[in-house]
Chemist: 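Handing you a structure now.
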Amino acid sequence: MRQAISAPDAPKAMGAYSPAVRAGNLLFISGQIPINPGTGELVTGGITAEAEQVMRNLSALLKAAGLGFEHVVRTTVFLADMNDFGGMNEVYARYLVDPPPARATVQVARLPKDSLVEIQVIAAV
């Protein structure tokens, strides 16, 4: 059984996908980029501003599913430039709780809307 999850304070999907899907005891959150859900516009201002918006978007989707960052077991971070790792990680670390989830971080050629960061999450329900 699958259940689509969305939240009014998280961006709407920009294509043929759900912002999040609960399947059994897992919640899969689609990659979030720094879109301000109120304006639909990309948040700019560097990696820390973008990472902060991404984490707020993830938080909203977790909350809509009745969960929080303490339920996150896996993340994948996509960076446009690996030199932004430190700034992203500083913001990321403020949201996650001990023990932190498993994580992969990769540099990619390009992200949607030319954002600097995208993060996807898997959480245990």
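Quick caveat: nothing in here was measured; it's all calculated off a predicted structure.
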Chemist: Indicate yes or no: at least one non-hydrogen side-chain atom of L58 is less than 4.5 angstrom from one of Q53.
Modeler: no
Chemist: Indicate yes or no: at least one non-hydrogen side-chain atom of I29 is less than 4.5 angstrom from one of L62.
Modeler: yes
Chemist: Nearest 0.5 Å, what's the CG-CG distance between D84 and N89?
Modeler: 12.0 Å
Chemist: Looking only at non-hydrogen atoms, find the nearest pair between A7 and A64 and report the distance.
Modeler: CB-CB, 3.8 Å
Chemist: Atom CZ of F78 and atom OG1 of T76: how far apart are they, to the nearest 0.5 Å?
Modeler: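 The distance works out to 5.0 Å.
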Chemist: Is it true that V43 and L61 fall in one hydrophobic cluster, defined by side-chain heavy atoms closer than 4.5 Å?
Modeler: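 As far as the 4.5 Å side-chain criterion goes, L61 and V43 are not connected within one cluster.
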Chemist: Going by heavy atoms in the side chains, are P37 and N57 under 4.5 Å from each other?
Modeler: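 They are in side-chain contact.
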Chemist: Assigning hydrophobic clusters by single linkage (Ile, Leu, Val, Met, Phe, Trp, Tyr; side-chain heavy-atom cutoff under 4.5 Å), is V121 placed with V125?
Modeler: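 Yes, because V121 and V125 connect within a single hydrophobic cluster, where side-chain heavy atoms sit under 4.5 Å apart.
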Chemist: Return the CG to CD distance between L27 and Q3, rounded to the nearest 0.5 Å.
Modeler: 9.0 Å
Chemist: Would you say F69 and M55 make side-chain contact, with heavy atoms under 4.5 Å?
Modeler: yes
Chemist: Find out whether L42 and S115 are in side-chain contact, i.e. whether some heavy atom of one side chain is under 4.5 Å from a heavy atom of the other.
Modeler: yes
Chemist: With the 4.5 Å side-chain cut-off for hydrophobic clustering, are I119 and I122 part of the same group?
Modeler: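 No.
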Chemist: Please report the shortest heavy-atom distance between A124 and L26, naming the atom on each side.
Modeler: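 Nearest heavy atoms, A124 then L26: CA-CD2, 4.2 Å.
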Chemist: Suppose the criterion is side-chain hydrogen bond (donor to acceptor under 3.5 Å, both in side chains): which pairs have a residue in residues 23-46, not counting sequence neighbours?
Modeler: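 For residues 23-46: none.
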Chemist: Quick check: closest heavy atoms across P101 and V72, and the distance to 0.1 Å?
Modeler: CB-O, 3.5 Å
Chemist: Is there side-chain contact between I33 and M14, with at least one heavy-atom pair below 4.5 Å?
Modeler: yes
Chemist: Tell me whether L96 shares a hydrophobic cluster with L79, the cluster being built from Ile, Leu, Val, Met, Phe, Trp, Tyr side chains joined at under 4.5 Å.
Modeler: yes
Chemist: Is the shortest heavy-atom distance from the side chain of L111 to the side chain of D114 under 4.5 Å?
Modeler: no
Chemist: Of all residues at least two apart in sequence or in a different chain, which pass the side chain to side chain donor-acceptor pair (under 3.5 Å) check with E52?
Modeler: R94, Y95
Chemist: For P112 and E118, which heavy atoms make the closest approach, and how far apart are they?
Modeler: CD-OE1, 3.5 Å
Chemist: I want to check something: taking the side chain as every heavy atom from C-beta on, are L116 and D81 in contact at a cut-off of under 4.5 Å?
Modeler: no
Chemist: Checking side chain to side chain contact (heavy atoms under 4.5 Å, CB included) for the pair M82/T105: CA distance, chi angles, key distance, verdict?
Modeler: CA-CA 9 Å; M82 194 58 81; T105 303; 4.2 Å; yes
Chemist: Please confirm whether the backbone N or O of A65 pairs with a side-chain atom of R22, one donor and one acceptor, at under 3.5 Å?
Modeler: yes
Chemist: For the hydrophobic clusters of this structure (ILVMFWY residues joined by side-chain heavy atoms under 4.5 Å, transitively), does one cluster hold both I35 and Y92?
Modeler: no
